[in-house]
Novice: 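Quick one: the structure is below, questions incoming.
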Amino acid sequence: MSDLRFKSVEVASARKPVKVDTPKERVNKYYGCQVFNRQKMFEYLPKDTYEALVDAIDNKKPLSRKLADSVAQGMKQWAIESGARHYTHWFHPLTDGTAEKHDAFVEHDGKGGMLEAFTGKLLVQQEPDASSFPNGGIRNTFEARGYSAWDISSPAFIIDGTLCIPTIFISYTGESLDYKTPLLKALNAVDKAATRVARYFDPEVKHVSSYLGWEQEYFLVDEALYAARPDLVMTGRTLMGHESAKNQQLEDHYFGSIPSRVEAFMLDLEIECHKLGIPAKTRHNEVAPNQFELAPVFEETNLANDHNLLLMSLMAEVARRHNFRVLLHEKPFAGINGSGKHNNWSLGTDKGVLLFAPGKTPERNLQFVAFVANVMAAVHKHNALMKATIISATNQHRLGANEAPPAIISMFLGSQLSRILDEIDREETDEIMLEGKEKVKLEISQIPELRIDNTDRNRTSPFAFTGNRFEYRAVGSSANCAAAMIALNAAVADQLNQFADAVDAAVAAGEAQDTAILNEVKKLIRASRAIHFDGNGYSDEWKEEAARRGLDVETSAPLMYDAYQRPDTIEMFKRTGVFTQKELEARNEVKWEMYSKKIQIEARVLGDLAINHIIPAATRYQSLLLDNVYKIKQLFKGDKADKIARQDMLSIEEIADNMAAIKSNVELMVNARRKANHMPDERSKAIAYHDDVFPLMEKIRKSIDDLELMVDNEIWPLPKYRELLFIR
Ligand code: ADP
Ligand code: MG
């Protein structure tokens with residue numbers, strides 16, 4: 001084992017960047033070449049089919065069977081001409097990641113030959129055997145059918161010779177078994193509700209889209225080192241490892257120059273992204289050593305999310321070509337920054353107006369303030385739910401750790417926006433002060449031009465206003481963004497509907513529309529004050545203050561999921577048509593089950609490593625020391641012998657103590673697991689894993705990390721942090 005380590009270090013440090021085949025053409029020539037986008041649709045579909053399909057996509061109409069047949073023909077032709085031999089329905093089950101089942105484009109022609117078959121039926125409905133996807137008990141096993149159908153708002157694409165058709169995945173009885181279905185429902189709800197409100201300001205508005213720009217953080221590890229760490233291979237994080245002498249304290253990695261081997265990987269990845277129509281734009285080093293980030297240009301939320309899921313699988317594949325492994329885990333290494341996936345989110349009308357951006361006219365600004373106040377109110381009411389959307393067995397390590405948002409959802413608004421909202425709230429004044437400006441009149445229908453300073457950032461806030469959008473930073477790097485986007489868009493939709501109901505009622509009672517809007521905005525600002533916090537989210541005072549304000553301060557992941565089943569959550573999802581109570585219950589079962597399973601796997605791997613790798617290594621080193629002491633005692637006598645052997649004797653004892661602690665804690669952990677596995681339901685099982693199993697894992701780790709500092713480096717069986725994090 002120790003040989004392997006040294007060999008792998010050598011191999012890695014000797015490695016040269018892999019040559020990347022860069023396309024000769026400019027990016028606009030190959031951008032989207034693997035996507036059945038509008039240009040391809042135009043080229044491959046009959047004119048009337050093209051027009052009907054575009055109309056269905058733009059106006060959210062269902063795809064008729066007749067239309068589907070014609071689309072399928074063109075799609076097949078394009079796919080086969082582009083070298084595809086298989087097709088698959090590509091969907092997002094309740095695990096992280098995506099699922100696919102490939103079928104070849106072949107069917108018997110009835111004359112002993114084969115023909116390339118692909119019909120509209122395959123776009124409209126498919127029935128994969130769904131029994132082995134997590135479903136929280138919705139589907140009885142004998143009723144193991146799930147339906148999938150093309151989500152026409154997301155174009156088909158080709159990867160590795162397979163035509164991938166993005167699909168929704170629902171049960172026989174209509175419940176969603178995936179992330180995409182409820183996401184589409186939430187986006188539809190926010191479109192309707194936000195359009196209703198936006199029409200107060202511009203009656204011509206027909207649709208409001210939700211936009212998402214994610215920032216994907218990740219680590220790269222040399223593949224030889226990765227292979228020598230069973231914990232990374234099995235769980236995606238290091239379950240042990242003492243921090244290295246140097247880590248991120250010099251802050252020399254962030255925005256530093258990108259190592260050439262990593263740059264080759266990034267270039268390769270970007271080219272692949274662009275071929276698939278993923279608008280990858282920004283790349284840079286992150287704070288931790290070997291940590292990096294990729295961000296695209298934002299897109300409509302559903303497409304952006306598809307692209308993020310696609311990116312995560314692309315990264316894994318491209319990394320292998322470069323002899324790297326990509327780590328998407330939220331906390332692969334203790335003691336340094338973990339990885340998140342900031343979700344930049346906004347709403348915009350079909351007239352091109354971003355609703356969270358202050359504008360130049362008083363109407364625009366009243367609209368801006370109204371939308372911001374509604375987001376505040378929605379996030380305030382549903383702060384516990386927002387937290388439940390991002391928590392997982394993996395992200396729990398990151399939240400509340402020193403670089404990540406705390407496990408409390410609050411909103412950062414910045415000094416200028418806070419000031420404006422305060423002024424609006426303060427009924428007695430009709431004037432507001434803008435920083436560095438003169439006093440400007442605030443009349444009921446006239447909010448002066450706002451200049452929002454978006455450099456005013458607060459990295460400790462989980463949900464921050466950043467000039468024309470909100471940035472939800474608590475989302476984990478390995479997560480499907482849909483979980484957060486479903487709840488956020490649904491909650492905001494529900495809130496906007498309530499707002500519009502109140503405004504409409506006031507107008508019906510004879511109030512002027514602008515006055516009615518401003519009055520409702522005032523109420524919202526007042527009612528949701530508690531969510532607004534611009535201070536240091538890492539401080540202990542904030543934890544106490546947040547509890548006093550009535551914000552959710554739960555820190556146990558399995559208990560956070562309860563927020564999905566609160567009556568107000570159930571009602572909100574029901575009103576917006578996003579989830580039924582049955583779906584919410586089933587999905588929570590899946591969440592608890594996934595939580596327990598992940599900790600279970602980690603605990604098993606840790607137990608194995610502790611007993612089969614660490615204890616034997618420590619024993620070997622201890623026996624070397626014992627041997628040495630024995631020889632000292634042969635050569636020297638009395639006090640002199642004791643003096644010479646003293647350090648070794650102390651080490652022998654310390655090693656013995658740590659080994660004893662490891663052994664007894666592993667035994668306790670096995671028993672705790674056994675007990676947890678016998679819990680009567682998924683929720684109590686997850687709680688037991690969190691409360692009883694997990695703390696023992698931490699104790700075992702502590703003893704192992706202590707041993708790492710003592711045991712001869714030659715004997716230590718695993719690559720250390722200094723290798724995993726600094727070899728590139
Ligand atoms: P940061 O300074 O926060 O790290 P980045 O430039 O890395 O910013 O990422 C910002 C992300 O936000 C990008 O994906 C960008 O396209 C996206 N973004 C910008 N404006 C909007 C908007 N109005 N709505 C949604 N996302 C946006
Ligand atoms: Mg950001």
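In this text, all values refer to a predicted model and were calculated from it rather than measured experimentally. Every number for a ligand or one of its atoms is a count from 1 in the order of the listing.
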Novice: For Ser339, run the side chain to side chain donor-acceptor pair (under 3.5 Å) check against His329, Gln216, Gln291 and tell me which one passes.
Specialist: Gln291

Novice: Need the ligand 1 atom indices (1-based, order shown) with element for anything under 4.0 Å from a heavy-atom of Leu354.
Specialist: 23 (N)

Novice: Please give me the minimum heavy-atom distance between Leu212 and Ala304, naming the atom from each residue.
Specialist: O-CB, 3.4 Å

Novice: With heavy-atom distances below 4.0 Å as the criterion, list the atoms of ligand 1 near Glu471.
Specialist: 3 (O)

Novice: Specify whether Trp345 and Phe356 have parallel, tilted or perpendicular ring planes, treating 30° as the upper limit for parallel and 60° as the lower limit for perpendicular.
Specialist: tilted

Novice: Does ligand 1 come near enough to His284 that some N or O of the ligand is less than 3.5 Å from an N or O of the residue?
Specialist: no

Novice: To which of Phe470, Phe356, Phe298 does the heavy atom nearest atom 17 (C) of ligand 1 belong?
Specialist: Phe298

Novice: Out of Leu347, Asn468, Asn344, whose heavy atom is nearest to atom 25 (C) of ligand 1?
Specialist: Asn344

Novice: Return a yes/no value for Tyr211: is any of its N or O atoms, backbone included, closer than 3.5 angstrom to an N or O of ligand 1?
Specialist: no

Novice: Counting only heavy atoms, which portion of Thr466 has something under 4.0 Å from ligand 1: side chain, backbone, both, or neither?
Specialist: neither

Novice: For ligand 1, which atoms sit closer than 4.0 Å to a heavy atom of Glu293?
Specialist: 7 (O)

Novice: Please could you name the atoms of ligand 1 that Val297 approaches to less than 4.0 Å, counting only its heavy atoms?
Specialist: 16 (O)

Novice: Taking the six-membered ring for Trp, is the centroid-to-centroid distance between Phe219 and Phe333 below 6.0 Å?
Specialist: yes

Novice: Kindly assign one of parallel, tilted or perpendicular to the pair Tyr472 and Phe463, based on the angle between their ring planes and the thresholds 30° and 60°.
Specialist: tilted

Novice: Using the salt bridge (Lys or Arg N to Asp or Glu O under 4.0 Å) rule, take Asp58 and Lys206 through it: C-alpha gap first, then chi angles, then the decisive distance, then the call.
Specialist: CA-CA 11 Å; Asp58 288 347; Lys206 288 196 186 63; over 6 Å; no

Novice: Describe, in one word, how the ring planes of Phe169 and Phe91 are oriented to each other, choosing from parallel (under 30°), tilted (30 to 60°) and perpendicular (over 60°).
Specialist: tilted

Novice: Answer yes or no: does an N/O atom from Leu212 fall short of 3.5 Å to an N/O atom of ligand 1?
Specialist: no

Novice: Would you tell me which option among Pro296, Ala295, Ala280 has the nearest heavy-atom contact to atom 14 (O) of ligand 1?
Specialist: Pro296

Novice: Between ligand 1 and Thr282, is the shortest N or O to N or O distance under 3.5 Å?
Specialist: no

Novice: Mind checking whether Phe292 and Tyr218 have parallel, tilted or perpendicular rings, split at 30° and 60°?
Specialist: tilted

